[in-house]
Amino acid sequence: MRAVDVVVIGAGQAGLSAAFHLRRAGLEPDRDFVVLDHAPRPGGAWQFRWPSLTYGKVHGMHALPGMELTGADPARPSSEVIGGYFDDYERTFGLRVHRPVDVTAVREGEGGRLRVETSEGVYAPRALVNATGTWDRPFWPHYPGRETFRGRQLHTAGYPGPEAFAGLRVIVVGGGASATQHLLEIAEHAAATTWVTRREPVYREGSFGEAEGRAAVALVEERVRQGLPPRSVVSVTGLPLNDAIRAGRANGVLDRQPMFERITPTGAVWADGRTVDADVILWATGFRAAIDHLAPLRLRGPGGGIQVEGTRAVLDERVHLVGYGPSASTIGANRAGRAAVREIRRLLTRGTSGADGTGGTSTTSTTGTASTASTAGGASGTGEAGAAGAPVPVSGTGAPGEFGGPSPEPVPVRAAAVTA
């Protein structure tokens, strides 16, 4: 077992932001803190994006703290551009990310420390920054008959690019930016496309500025403060009404249909009896937070989510979540990383972990208590969130879309689109 001050799980945008601020605060990588990432190479969730999602097509990302992304070719795949940027960033600031490393569970440890169980051994940190994002938990909603469909079903997380759908009839499910991007690409190759969403799409014209970003983040932040499962920032921003979207609406590709009632072996059927035959159903239905590895700490409240104040888990002040809720986008992760490190520094200076130090059945923080458990989840740590530095044109998918949150209630305000 290796004792350190801080473990950061995930080396996407949120994790790298936190690592940058830890180093800036005087903590040394591999001595005072470690960054664990299960991905095979730098790039967070971006490295898994499909080749047709080029740098020029993505939108809404802000640069990581301390280093801009400039001079990138808009025709290059975003996976290459962002992967290279993250690689340069890790090297420039000497963050020494450990990969590939899987985190299987975070439990109560001894002496007030946490116990982080991983594929490279056990760590005993005084504090934890969880930045595992959402990419590793694609959400597949259940509809009657789904298991009977004889065609192919896949999720945005496994989207291979538009050429794979040549000559096929495709139903795309989902109301976020991923769904519209997929449709606009696939329509050029497929025999037919059908777009279905649970809610009527909301489009937004005009620029997405700092004020709009703050408004969107505030709506998501209030949910996690109440201990509700987070919605993505994207779910409150709507779809950007750009030239491509306008053309898709005009030519019928983005002719949205309500959700079908059930899936059949050959397609889908609606409540009014209408049917559509399909060879493929593509679920662009968002993602959920990859936090199962935190289950032993029993941080979830009665509302179904982890109650968070700022970045700190209310039931355990040693645990900070960045890339969760309001920072699970390209708008707030830099600020979240900085805020988490500020609180962690106070914790370390105070010389207490917020636990009773007995290694027993409960942990006590300054804000509440949480009982421990022995169940283990899994974490991959390809966390994706954004930073709040100067904006650069980057972002595509990865946050929960209209299907991505466990709660179906509508969000009252939509400001601008980032991704879905």
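All values reported here derive from a predicted model rather than from experimental measurement.
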Stepwise side-chain contact (heavy atoms from CB on, under 4.5 Å) check, Val34 with Val8: CA-CA 6 Å; Val34 294; Val8 178; over 6 Å; no

Flag, side chain of Arg96 to backbone of Asp30, donor-acceptor distance under 3.5 Å: no

Check: Phe93 ring centroid to Phe20 ring centroid under 6.0 Å: yes

Under 3.5 Å side-chain donor-acceptor pair for Trp195 and Gln257: no

Flag, side chain of Arg262 to backbone of Ala271, donor-acceptor distance under 3.5 Å: no

Criterion side-chain contact (heavy atoms from CB on, under 4.5 Å) on Arg115 and Met1, from CA distance to verdict: CA-CA 9 Å; Arg115 177 184 172 91; Met1 183 182 299; 3.0 Å; yes

Stacked cation flag Arg76 on Tyr55, 6.0 angstrom / 45 deg: no

Test item: Thr132 and His293 side chains (from C-beta on) under 4.5 Å apart, heavy atoms: yes

Identify each donor-acceptor pair in which a side-chain atom of residues 157-173 lies under 3.5 Å from a protein atom, sequence neighbours left out, and give them as a table.
| unit_1 | atom_1 | unit_2 | atom_2 | d |
| --- | --- | --- | --- | --- |
| Tyr159 | OH | Glu185 | OE1 | 2.8 |
| Arg169 | NE | Asp279 | OD2 | 3.1 |
| Arg169 | NH2 | Asp279 | OD1 | 2.9 |

Nearest-0.5 Å distance, CG of residue Asp37 to CG of residue Asp102: 9.5 Å

Short side-chain to backbone donor-acceptor contact, Lys57 and Ser52, under 3.5 Å: yes

Atom of Ser119, atom of Pro100 and distance for their closest heavy-atom approach: OG-O, 4.3 Å

Step-by-step salt bridge (charged side-chain N to carboxylate O under 4.0 Å, His left out) determination, Arg107 to Glu117: CA-CA 8 Å; Arg107 310 177 185 278; Glu117 300 172 359; 2.9 Å; yes

Side-chain donor or acceptor of Ser78 paired with backbone N/O of Thr54 under 3.5 Å: no

Distance-minimising heavy-atom pair for Ala11 and Val35: CB-CG1, 4.1 Å

4.5 Å side-chain heavy-atom contact, Val101 and Ile9: no

Validation row: Leu114, Arg318 side chains within 4.5 angstrom (heavy atoms): yes

Rounded distance [0.5 Å steps], CD in Glu317 versus CD1 in Ile344: 10.5 Å

Straight-line distance of His38 NE2 to Thr118 OG1, nearest 0.5 Å: 13.5 Å

Listed pairs under 3.5 Å, donor-acceptor, residues 238-251 side chains, sequence neighbours left out:
| unit_1 | atom_1 | unit_2 | atom_2 | d |
| --- | --- | --- | --- | --- |
| Asn242 | OD1 | Ala244 | N | 3.2 |
| Asn242 | OD1 | Ile245 | N | 2.8 |
| Asp243 | OD1 | Arg246 | NH1 | 3.4 |
| Arg246 | NH1 | Leu241 | O | 3.1 |
| Arg246 | NH2 | Glu205 | OE1 | 3.1 |
| Arg246 | NH2 | Leu241 | O | 3.2 |
| Asn251 | OD1 | Val253 | N | 3.0 |
| Asn251 | ND2 | Ala247 | O | 3.2 |

Plane angle bin for Phe260 and Trp270 - parallel if under 30°, tilted between 30 and 60°, otherwise perpendicular: perpendicular

Donor-acceptor contact present, side-chain Thr193 to main-chain Leu183, <3.5 Å: no

Gap separating the CH2 atom of Trp283 from the OG atom of Ser178, nearest 0.5 angstrom: 15.0 Å

Close side-chain approach of Thr285 and Trp140, heavy atoms under 4.5 Å: no

Taking every non-hydrogen atom, the tightest pair across Asn130 and Ala290: ND2-O, 4.4 Å

Val7 side chain near Val129 side chain, heavy-atom distance below 4.5 Å: no

Distance, nearest 0.5 Å, that separates CG of Leu294 from CG of Leu321: 6.0 Å

Interatomic distance, Leu315 atom CG to Leu297 atom CG [nearest 0.5 angstrom]: 10.0 Å

Electrostatic pair Arg312-Glu343, nearest N-O below 4.0 angstrom: yes

Heavy-atom pair of closest approach, residues Thr266 and Phe149: C-CE1, 4.0 Å

CA sep, side-chain torsions, deciding dist, call: His182, Thr156, side chain to side chain donor-acceptor pair (under 3.5 Å): CA-CA 9 Å; His182 295 336; Thr156 287; 3.1 Å; yes

Stepwise side-chain contact (heavy atoms from CB on, under 4.5 Å) check, Gln153 with Glu147: CA-CA 10 Å; Gln153 297 187 61; Glu147 69 283 355; over 6 Å; no

Donor-acceptor pair between Arg256 and Thr197 side chains, under 3.5 angstrom: yes

His155 and Phe139 aromatic centres sub-6.0 Å: no

Ion pair Arg99/Glu90, N-O distance below 4.0 Å: yes

N-O pairing of Glu120 and Arg2 below 4.0 Å: no

Note, Leu254 side chain near Leu184 side chain (heavy atom, < 4.5 Å): yes

Asp73 versus Val81, closest heavy-atom pair with distance: O-CG2, 4.2 Å

From Val116, Val106, Val6, residue fulfilling side-chain contact (heavy atoms from CB on, under 4.5 Å) relative to Tyr123: Val116

Whether Gln47 side chain and Arg41 backbone form a donor-acceptor pair below 3.5 Å: yes

Student check: side-chain heavy atoms of Val314 and Val308 closer than 4.5 Å: no

Exam field: side chain Tyr143 to backbone Ala268, donor-acceptor pair closer than 3.5 Å: no

Main-chain N/O of Leu64 paired with Tyr85 side-chain donor or acceptor, under 3.5 Å: yes

Closest non-hydrogen atom pair between Phe86 and Gly44, with its separation: CD2-N, 3.8 Å

